[in-house]
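A quick write-up on the structure given underneath.
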Number of protein chains: 2
Amino acid sequence: MPAAATPRKDEDDRLQPVFRALADPTRRRILRDLAREPASIAEVASRFEMSRPAVVKHLAILREGGLIAVAPRGRERINVLKPDNLKSASQWLSFFDAFWDDKLAKLKHAVETDYARSKKR
Amino acid sequence: MPAAATPRKDEDDRLQPVFRALADPTRRRILRDLAREPASIAEVASRFEMSRPAVVKHLAILREGGLIAVAPRGRERINVLKPDNLKSASQWLSFFDAFWDDKLAKLKHAVETDYARSKKR
DNA sequence: ATAACGTGAAACCAAAAGGTTTCACATGCC
DNA sequence: GGCATGTGAAACCTTTTGGTTTCACGTTAT
């Protein structure tokens with residue numbers, strides 16, 4: 001099992017607006033809702049207690065993260081899930097897959113025993 | 001392919017500190033570094049331009065997210081990657097797997113064509 | 001013992017986040 | 001035309017975030 005490539009910095013820059021968008025529970029819920037079906041701004045906002053402008057701001061951040069697309073329909077603006085960047089985030093996380101099974105046990109063991117008294121410099 | 005279960009709210013609560021921890025590029029870099037090998041606070045801080053207390057705060061947030069564990073070794077505190085919650089975040093994202101291939105095309109098509117003029121209420 | 005090292009923790013600060021209310025404007029329906 | 005609806009956007013407020021400097025304390029090495 002070859003070591004997974006370390007994510008590079010510029011790749012991380014690209015992912016920053018994605019992880020930022022995912023950091024808020026309201027935005028995550030919006031994503032789940034839009035996964036079921038596209039919805040206008042008013043429809044999305046109606047599912048939350050907060051004001052519509054607050055929801056609009058969340059939608060803007062989701063758009064900055066490239067997680068949703070917006071299509072005008074008459075006087076409405078329909079928001080659609082755009083899962084591509086979710087996939088990118090998922091792939092970033094998959095970098096750690098190797099450690100879930102492979103290295104985790106080793107590292108844990110290392111710290112809890114030998115590592116604790118070796119490594120003098 | 002059965003529809004993936006919708007993530008529940010309390011599950012999302014549990015994931016909040018994880019996504020919060022992942023939202024900062026410094027913290028993501030720390031995770032990558034610790035994936036290579038455990039390190040003391042001083043060692044981690046030495047890799048960044050910012051002050052040590054700033055790094056300590058980031059480590060605290062990573063700990064709150066359950067993404068790292070800390071083991072004292074003499075006067076040092078060794079930080080170790082704890083990937084379990086990364087896996088949880090990864091699984092949350094995998095909820096959208098279905099849409100990457102299955103529904104995406106449909107939704108896109110729906111919005112761009114028929115959806116645009118149907119759905120009167 | 002004393003000096004150096006690693007850490008903890010407080011006080012402080014500027015900027016960003018997340019929310020509100022308010023008002024203007026465009027579109028669709030009667 | 002006129003009114004209701006959907007949206008955009010500004011101004012404002014409070015809390016959180018991410019950083020700093022400073023100092024105290026425990027541990028290790030000489």
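What's counted below: heavy atoms across the whole structure, side chains too, no hydrogens, waters or symmetry copies. We name chains A, B, ... by the order of the sequence lines, and we start the count at 1 in each one.
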| OP1 or OP2 of C:dT20 under 4.0 Å from side-chain N/O of A:Ser51 | yes
Expressed in angstrom and rounded to an integer, what is the separation of [X] atom [atom1] from [N] atom [atom2]?
X: B:Arg77; N: C:dT7; atom1: CZ; atom2: P; answer: 8 Å
X: B:Asp24; N: D:dT16; atom1: CG; atom2: P; answer: 18 Å
X: A:Ile61; N: C:dA17; atom1: CD1; atom2: C1'; answer: 7 Å
X: B:Lys57; N: D:dT22; atom1: NZ; atom2: C1'; answer: 13 Å
X: A:Arg20; N: D:dT16; atom1: CZ; atom2: P; answer: 17 Å
X: B:Leu22; N: D:dG18; atom1: CG; atom2: P; answer: 12 Å
X: A:Glu64; N: C:dG18; atom1: CD; atom2: P; answer: 11 Å
X: B:Glu43; N: C:dC5; atom1: CD; atom2: C1'; answer: 13 Å

| query | With side chains defined as the heavy atoms from C-beta onward, is the minimum distance between A:Leu34 and A:Leu67 less than 4.5 Å? | reply | no
| said: If you define the side chain from C-beta out and look only at heavy atoms, does anything of B:His58 sit under 4.5 Å from B:Phe48? | reply: no
| request: Report yes or no: do A:Val70 and A:Ile78 belong to one cluster of Ile/Leu/Val/Met/Phe/Trp/Tyr joined by side chain heavy-atom distances under 4.5 Å? | output: no
With distance as the sole criterion, do the side chain of [X] and the base of [N] form a donor-acceptor contact below 3.5 Å?
X: B:Arg52; N: C:dG8; result: yes
X: A:Arg27; N: C:dG18; result: no
X: A:Arg75; N: D:dT5; result: yes

| query | Does the A:Arg27 side chain pair with the main chain of A:Leu22, one donor and one acceptor, at a distance under 3.5 Å? | reply | no
| message | Tell me if a side-chain donor or acceptor on A:Ser90 pairs with a main-chain N or O of A:Lys87 at a distance below 3.5 Å. | response | no
| request: Kindly write out the residues that satisfy side chain to side chain donor-acceptor pair (under 3.5 Å) with A:Arg20, not counting sequence neighbours, or none if the list is empty. | output: A:Glu64
| query | For the side chain of A:Ile41, counting heavy atoms from C-beta on, which of C:dT7, D:dG19, D:dT7 is nearest? | reply | D:dT7
| message | So if I take every side-chain heavy atom of B:Met50 and compare against D:dG19, C:dT7, C:dT20, which nucleotide ends up nearest? | response | D:dG19
| said: By the definition side chain to side chain contact (heavy atoms under 4.5 Å, CB included), identify the one residue from B:Ile30, B:Val44, B:Leu62, B:Ile61 that meets it with B:Ile68. | reply: B:Leu62
| task | Have a look at B:Ala54 and say if it touches a base, only the backbone sugar-phosphate, or nothing, with a 4.0 Å heavy-atom cut-off. | result | base
| Rounded (10°) bend between the five-pair end axes of the helix from C:dA1-D:dT30 to C:dC30-D:dG1 | 30°
